[in-house]
Amino acid sequence: YLDTLGHQQVKILVPDLLNQKARAQVGLGQDDRAHETLHEAVRLARYQESLRSLWALLLDQAELEGNSRAARELQEEARTVIAAISENISDPALREKFLSLPQVQRSKG
């Protein structure tokens, strides 16, 4: 699917698909490959200025880093992105739904 999207110039979904690929790689015990895949996904999300994708990618990348300074920096960056997204959600109910997502909650700690 990634190859098909690349040829059709549909780039907006690529960071999300790379995230799924990295999760599969982790499941297969290929942590080094997953780290490379997530690094590329984060790079693309930043290039596209896709906050929608970036926060989740940063959290997954932090998880791969374990209990390290790099992991804490990635988590902090993810929290910053989450805050920026939530500040731009004008509907209070929708904002609350976003902030209560399990992955968003995971960013807290």
Side-chain angles (χ1 to χ4, degrees):
Y1 194 63
L2 279 166
D3 290 339
T4 302
L5 284 177
H7 293 294
Q8 295 179 2
Q9 301 300 314
V10 182
K11 304 287 186 191
I12 193 165
L13 299 176
V14 172
D16 300 318
L17 292 172
L18 287 172
N19 195 16
Q20 294 304 313
K21 180 179 179 179
R23 288 177 184 206
Q25 289 168 325
V26 167
L28 293 170
Q30 300 172 354
D31 289 359
D32 288 341
R33 285 187 176 181
H35 190 272
E36 292 171 13
T37 301
L38 278 172
H39 181 75
E40 177 64 12
V42 167
R43 187 191 68 74
L44 283 171
R46 285 186 172 131
Y47 176 77
Q48 295 173 354
E49 298 179 357
S50 177
L51 298 183
R52 179 195 59 79
S53 297
L54 185 58
W55 68 272
L57 292 166
L58 291 167
L59 288 176
D60 285 347
Q61 195 173 29
E63 194 171 292
L64 269 181
E65 294 291 336
N67 189 17
S68 68
R69 180 179 179 177
R72 289 187 295 278
E73 289 172 358
L74 290 164
Q75 288 172 329
E76 182 59 34
E77 185 178 356
R79 285 190 288 272
T80 300
V81 173
I82 289 167
I85 291 170
S86 69
E87 289 171 8
N88 287 301
I89 300 174
S90 59
D91 181 322
L94 186 58
R95 181 183 315 111
E96 189 58 40
K97 279 188 174 189
F98 172 70
L99 292 173
S100 67
L101 289 171
Q103 197 168 14
V104 170
Q105 291 295 308
R106 188 179 87 195
S107 75
K108 293 179 180 178

The side chain to side chain donor-acceptor pair (under 3.5 Å) partners of Arg52 (sequence neighbours excluded) come to Asp16
Carboxylate-amine/guanidinium contact Glu73 Arg69, below 4.0 Å | yes
Open item on the list: I'd like to know if the side chain of Ser68 reaches the main chain of Glu65, judged simply by a donor and an acceptor atom lying under 3.5 Å from each other, with no hydrogens or angles considered.
Closed with: yes
Correct closest heavy-atom pair for Gln103 and Asp60 would be NE2-OD1, 3.6 Å
Checking side chain to side chain contact (heavy atoms under 4.5 Å, CB included) for the pair Leu58/Arg46: CA distance, chi angles, key distance, verdict? CA-CA 11 Å; Leu58 291 167; Arg46 285 186 172 131; 3.7 Å; yes
For Ala41 and Leu18 the tightest heavy-atom approach is CB-CB, 3.7 Å
Review point. Just wondering, do Asn19 and Ser53 contact through their side chains at under 4.5 Å, heavy atoms?
Key: no
### Message
Are Leu54 and Leu13 linked, directly or through intermediate hydrophobic residues, by side-chain heavy-atom contacts shorter than 4.5 Å (ILVMFWY only)?
### Response
no
Is the number of heavy atoms from other residues, nucleotides or ligands under 6.0 Å of Asp91 CG greater than 12? yes
Exercise. Report yes if some heavy atom in the side chain of Ser107 is under 4.5 Å from a heavy atom in the side chain of Gln75; otherwise report no.
Key: no
Intermediate values then yes/no, side chain to side chain contact (heavy atoms under 4.5 Å, CB included), Asn67 and Arg72:
CA-CA 8 Å; Asn67 189 17; Arg72 289 187 295 278; 3.6 Å; yes
request  = Kindly indicate, with the supporting measurements, whether the criterion side chain to side chain contact (heavy atoms under 4.5 Å, CB included) is fulfilled by Leu57 and Leu38.
outcome  = CA-CA 7 Å; Leu57 292 166; Leu38 278 172; 3.9 Å; yes
Exercise for the section: Would you mind reporting whether Leu28 and Arg33 have side-chain heavy atoms less than 4.5 Å apart? Expected result: no
In short, ring-ring contact (aromatic ring centres under 6.0 Å, His included) pairs touching residues 79-102 with sequence neighbours left out are Trp55-Phe98
For the residue pair Thr37 / Gln25, report whether a side-chain donor-acceptor contact shorter than 3.5 Å exists.
yes
Full working for salt bridge (Lys or Arg N to Asp or Glu O under 4.0 Å) between Glu87 and Arg95 = CA-CA 8 Å; Glu87 289 171 8; Arg95 181 183 315 111; over 6 Å; no
Applied to residues 17-54, the ring-ring contact (aromatic ring centres under 6.0 Å, His included) test, sequence neighbours excluded, yields none
Looking only at heavy atoms, the pair that brings Ala84 and Leu51 closest together is CB-CD1, 4.4 Å
Is there a side-chain contact between Lys21 and Leu17, using heavy atoms and a 4.5 Å cut-off?
no
When rounded to the nearest 0.5 Å, the distance separating CG of Leu64 from CZ of Arg23 is 10.5 Å
Practice prompt. Give the C-alpha distance, both sets of side-chain angles, the deciding distance and a yes or no for side chain to side chain contact (heavy atoms under 4.5 Å, CB included) between Leu74 and Leu59.
Written response: CA-CA 7 Å; Leu74 290 164; Leu59 288 176; over 6 Å; no
